[in-house]
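Single-structure report; data block below.
To find a chain, count down the sequence lines: A is the first, B the second, and so on, and within it residues start at 1. Computed from a prediction, not measured in an experiment: that's the story for all the values here.
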Amino acid sequence: MVTQTNYADLRLEKISDGGSTQIVYFPSIMGETRGVEFVEALASRLKNSTVSVLEYPGCGASTSSSNIWKTVHDAVYDLGRMLDMLSDRSVILIGASIGGWLAAEVAAWYPRKVRGLVLANGFGLRVSDVPAWSPFFEKGSTELDSAFYARANPNRLDLAKTLDPSLKDEEREGPYGLFLHLLRVQTLASRIGFNPVMHDTDLNARLKNILCPTLILWGQADGVLPPEYGQAFADQIPGAERVGDLGSGHFPLLEKPQEHARTVADFLSRLEA
Amino acid sequence: MQVFAFHLMPWPDVPADFPGQRAVTIPNRLVDRDRLGVIINQYLDQLVACEDLGLDGVAVNEHHQMPWGLIGSPNLAAAMIAMRTKRVKILVLGPALPLYGSPLRVAEEIALVDQVSGGRVIFGSVIGGPPEYHVAGIDPSEARGRFNEALDLILEAWTRPGPFEHYGEYYKLQHVNPWLLPLQRPHPPVWVPGAGSPETIDMCVEKGFTYSALPFFAKEFSDQSFTMFRRKFMQVNGQSDPSKLSMLVPVYVSDTDEAARREYEEHFFYFAGLHGGAFSTPGYASEKGVVRQMSARPAFAWTAKDWSDVEENAYAIVGSPKTVLEKLSQRIDETGAGNLMCMFHIGNLPHEKVIASTEMFASQVLPALRKEFPCGPAWREA
């Protein structure tokens, strides 16, 4: 079951409708929004929850322009309004890659709106002397044969296949559909994270404001955001649990969807208990 | 027909086998600081020499952190040329407007050069190349918006009595009131380079700017841009105007075709090897423009495999005076451009060869070009 609803100019795709506990997935820099095995597996494990996927403005089926976000703070403000409209209760956020950055920001700015947080290889921080690889450098994140994906996807997961359900029909029919899909997400990323590149210099200090239980899940073979970045989140977020996935790269939730759906479901079940 | 000399001002000694990108991050230890000034002075000499040789103008541009082009400030280079010349037009083809903090600084610097040169400036406003956004840390998805707003503001600052306020999307200025205004009224001519994006062509036609088709694309692709411009121009204005179109091409003249190629080829391929590489700039071009480039799959000067590739795609026009005249006449006819920018220096071509080639061009090619195109080429659409 997939339905779409617009909240505060943002579009959510509802994957399941199981109850009042709202779980929202913020996609990676590849903008995976449909047919995401991790999200579907999680929804089937958490039957009492309602699971949705965020469409970034200007991307996928969103009817908003990426121009509505000029800085990461615009994004945080809109996402906060979206959570207000989505539920009277606090919600659970799961964010991967750029989605991890946004989820961490929202949880730090609006600690009472978020009751559980899962970050998987999230951007957002800068660790001194440990270079992160920019999604804008060289061919960047718009072409799957780029140095970015060589670093992000060391196990050579078939990303084109993974992303295919997320393409719009018109994108899938054209020869440059995948490129344009990735370009749109990258443009959105550029709006909030071209400089300073994919981080917020104040986020590190703000992470201590997060009140909810947090799981940091990190693909340790990520050549874009090395494990020190996962450790930096874990060090700053009070009480955060850290799970290292030794084999995965930047997209652990896409590489091992069933395994991580189980890990995340277990974490969230403990939280509800 | 106006003929200009254009200069990239590259660094001439990057080892061919040096690994990695050729821009932004290529280490600056490769530059010899003791030679830098000597080389740049030679480059300026090459442009200044064009005044006595009878060319109509000279052109400088802006690049940052790359051996491809050393001139970080075209406005400063233009000021130096203004002080050493009396007649030639000075085409400032930078400045890259989105990279400057305040557009008013550009307005004042261009006005300063226009005043001290006696009104010889052509204001070529550019959006800047992809690597420049990585150097400046400016979000490329803002490039077009910043460029349009900055250009409008500069023209307004030159033509509207101040003080007035400007509160735009990117620039907020409570007091716009520059005293340093250009000599030319209402303002210096405006040229805008483009790579065939429909938005840039539309803007140039609508606002009366000269469209300067970016060089180094294969002939087939750049011809499409020229055609798009001419059609749009005719559609809006009902008549042709070659002065609103400009083409840029590397040119080298020697005694014979064989000698020209022998003296030039290695320097062309050094130049081709300087190209910076890919730099992702999301939102820099419109999706339409990106798709057009991807579907056309244009070849570039830096992808040329061998000399026949260079000749076939007109990446450079090289030969005896007779050959260069024939080939240039053909390109001018094909493009409809009433402004020709010749890049006499390329890559690491030695100074004396640049001067000799420019002199041969001026004495044996230029007079015939002027005779053949007294008012620029006729447009086939007209």
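Heavy atoms closer than 4.5 Å to chain A are found nowhere in B:P131, neither backbone nor side chain. Proximity to chain B involves both the backbone and the side chain of A:F137, based on heavy atoms less than 4.5 angstrom apart. Both the backbone and the side chain of B:S295 come within less than 4.5 Å of a heavy atom of chain A.
Contacts with chain B (heavy atom to heavy atom, under 4.5 Å) involve these residues of residues 140-152 of chain A, listed by number: A:G140, A:T142.
Under a cut-off of 6.0 angstrom, the local environment of CG in B:D306 is crowded, with over 12 non-hydrogen atoms contributed by other residues, nucleotides or ligands. Around the CZ atom of A:R172, the shell of radius 6.0 Å holds more than 12 heavy atoms that belong to other residues, nucleotides or ligands. Residue B:K172 places its NZ atom among more than 12 non-hydrogen atoms of other residues, nucleotides or ligands, all under 6.0 Å distant. Applying the 6.0 Å contact sphere to OH of A:Y7 captures more than 12 heavy atoms from other residues, nucleotides or ligands. Counting non-hydrogen atoms of neighbouring residues, nucleotides and ligands closer than 6.0 angstrom, the CD atom of B:E199 exceeds 12 such neighbours.
When A:K139, A:Q186, A:E138 are compared by the number of non-hydrogen pairs under 4.5 Å with chain B, A:E138 comes out ahead. For the options B:Y133, B:Y284, B:F279, heavy-atom pairs under 4.5 Å to chain A are most numerous at B:F279.
Of the inter-residue distances, the one linking B:S141 atom OG with A:N67 atom CG reads 7.0 Å to the nearest 0.5 angstrom. Atoms CG and OG, on A:L183 and B:S280 in that order, are 7.5 Å from each other to the nearest 0.5 Å. Here the straight-line distance linking atom CG of B:D139 with atom CG of A:N195 works out to 9.0 Å at 0.5 Å rounding.
Using a cut-off of 4.0 Å between Lys/Arg side-chain N and Asp/Glu carboxylate O, B:E287 and A:R184 are scored as salt-bridged.
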Worked verdict on B:V290 versus A:F179 for side chain to side chain contact (heavy atoms under 4.5 Å, CB included) | CA-CA 10 Å; B:V290 171; A:F179 173 84; 3.4 Å; yes
